2 protein chains.
Amino acid sequence: MNHKMLSIADQIFNELEHDILTGVYEHDELLTELKLSETLGVSRTPVREALSRLAQEHIVEMTSKGARVMGITEKDIEDIYAIRYRIESLAAKMAAENADEQGLKELKRLLDLQEFYTEKDDHDGTNAADSGFHQALYALTKSPTMIQTLGPLHRRIVKYRRVSYETPDRAITSLGEHRGIYEAIAAGDGEKAEELMRVHIEKARKSILGK
Amino acid sequence: MNHKMLSIADQIFNELEHDILTGVYEHDELLTELKLSETLGVSRTPVREALSRLAQEHIVEMTSKGARVMGITEKDIEDIYAIRYRIESLAAKMAAENADEQGLKELKRLLDLQEFYTEKDDHDGTNAADSGFHQALYALTKSPTMIQTLGPLHRRIVKYRRVSYETPDRAITSLGEHRGIYEAIAAGDGEKAEELMRVHIEKARKSILGK
DNA sequence: AATGGAATTAATGTATACAATTATACATCT
DNA sequence: AGATGTATAATTGTATACATTAATTCCATT
């Protein structure tokens, strides 16, 4: 087992990133180092490190009044999907070409998990499993560059994807699309995985943006 | 005049990023907070903030022995070019569609600067102007997502691009390619800018990787 | 000489203290 | 009333002190 010990700063970074991207904190909200450190029961130092790393990723913006939560506009979502359309399809192809047995098993596990939550009509569970599926696929590319590039883009829209899963139809079709992608990857068919991913991204985009 | 005051941490981040990506520090070299703070004449705090942000971008890796400088493999370069091929062409199209007068002037200025250095056979100057041209083009897209995504990818290979400019032929053809892209953008011809950028990226890739 | 393990060292991680800057409130002047 | 200046407060930025952990050294034991 590889239980890596995370520093307090790392834990706070993960927690704040999740809370901001899922909407616990809202757009333009000001997070001050002192308040956060008091709430969390730690000193300002690790809080400050977490915030400066969030600022690095443009998730917050440091100001003299506190770290301002950056919102995500509709145009941001459009741009993210335009970029993902072009490179996540490549990632699917690379995954098909480089997949190892263990990674494939993990991808399958997340697919099954998504099916489980979709049948239970659990939107949060479905959304989490969806996120896991994509991140696992990135890992299959064996490309740190791809993982670093797509990971943040995908995480940024988790809140909006969540909303789209309230359309029950979307949850079911998304599951089917994932299944097709998984099978193409498992079969080592890069071309097919690439094309199916293109279709999937375009449908997800339409489901979220409605156009 | 907009002389923005940068914090010490920001300055150190910029300096270290530049020095690592241009090869002042080499692969696997260990940077310790204490030594850096003594060398730079500041406390560990801003040094530490800079390093943790560099780790966030996978430019260094934090270990118990210091911040280890991460190297860039040939495969990393291949992956970066594969991604840029697909989205920097989109960026060129977006730049053509969203360019404003001031941004175009800046792009032209950097093009002229590249010409100046190319004629003088100044590889470092040419490389710097090349980098500036691409970053200015990203800015023209008016898309924070595009800027955030492409910026780091482009900066990562500055050292290797520098080497490719030692082939005088490459410097001249690159200049010509940039000129074509600039003119397509200035003319508002998105399709052409997109196609010319694809060609440019592919040629640059070949020039660096030799295959 | 090889091995094991305590002592030491060197590094990061965290807390606190201090400095500098910016925002706010309030009084004063016109 | 509105502008302006000044004191106060709130917040970030930096330095330093302390805690913890991992590597290294070195000595004792076999």
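In the text below, chain A, chain B and the rest are named by the order of the sequence lines, each starting its count at 1. Because the structure is predicted, anything quoted here is derived from the model rather than measured.
- Distance check: B:Ile72 CD1 to B:Leu21 CG gives 6.0 Å after rounding to the nearest 0.5 Å.
- When each of B:Glu38, B:Glu33, B:Glu49 is paired with B:Arg44, the salt bridge (Lys or Arg N to Asp or Glu O under 4.0 Å) condition holds for B:Glu33 and for no other.
- Spacing between atom CD of B:Gln11 and atom P of D:dG13 amounts to 13 Å, rounded to whole angstrom units.
- Among the heavy atoms of the strands, none lies under 4.0 Å from B:Glu49.
- Comparing A:Ser7 and B:Lys35 by the nucleotide of DNA chain C that holds the closest heavy atom to each, the one mapping nearer the 5' end is B:Lys35.
- Summarising the geometry, the separation between CD on B:Glu33 and C1' on C:dT12 is reported as 6 Å, rounded to the nearest angstrom.
- Atom CD1 in A:Ile8 sits about 10 Å away from atom C1' in C:dA15, given to the nearest Å.
- A:Asp100 and A:Lys142 are joined by a salt bridge, as a carboxylate oxygen and a charged side-chain nitrogen come within less than 4.0 angstrom of each other.
- Both A:Lys65 and B:Leu34 lie close to DNA chain C; mapped to their nearest nucleotides by heavy-atom distance, the more 5′-ward contact belongs to B:Leu34.
- Relative to the ring axis of A:Phe13, A:Arg53 places its NZ or CZ within 45° and under 6.0 Å from the centre.
- Taking atom CD of residue A:Glu29 and atom P of nucleotide D:dT11, one finds them 14 Å apart after rounding to whole Å.
- Nucleic acid contact class of A:Ser64 (heavy atoms, under 4.0 Å, all strands): sugar-phosphate only.
- A straight line from CE of B:Met62 to C1' of C:dA11 spans 11 Å, rounded to a whole angstrom.
- Following rounding to the nearest Å, A:Arg48 (CZ) and C:dA19 (C1') show an atom-to-atom distance of 13 Å.
- Within 4.0 Å (heavy atoms only), B:Leu51 reaches no atom of the nucleic acid at all.
- Residue B:Lys35 places its NZ atom among 12 or fewer non-hydrogen atoms of other residues, nucleotides or ligands, all under 6.0 Å distant.
- Residue B:Thr45 is in base contact, counting any heavy-atom pair closer than 4.0 Å across all strands shown.
- If you take CE of B:Met5 and C1' of C:dT22, they are 14 Å apart, rounded to a whole angstrom.
- The distance from atom CG of A:Asp10 to atom P of C:dG13 is 8 Å, rounded to the nearest whole Å.
- Contact check, A:Ser43 against C:dT14: no side-chain N or O comes under 4.0 Å of OP1 or OP2.
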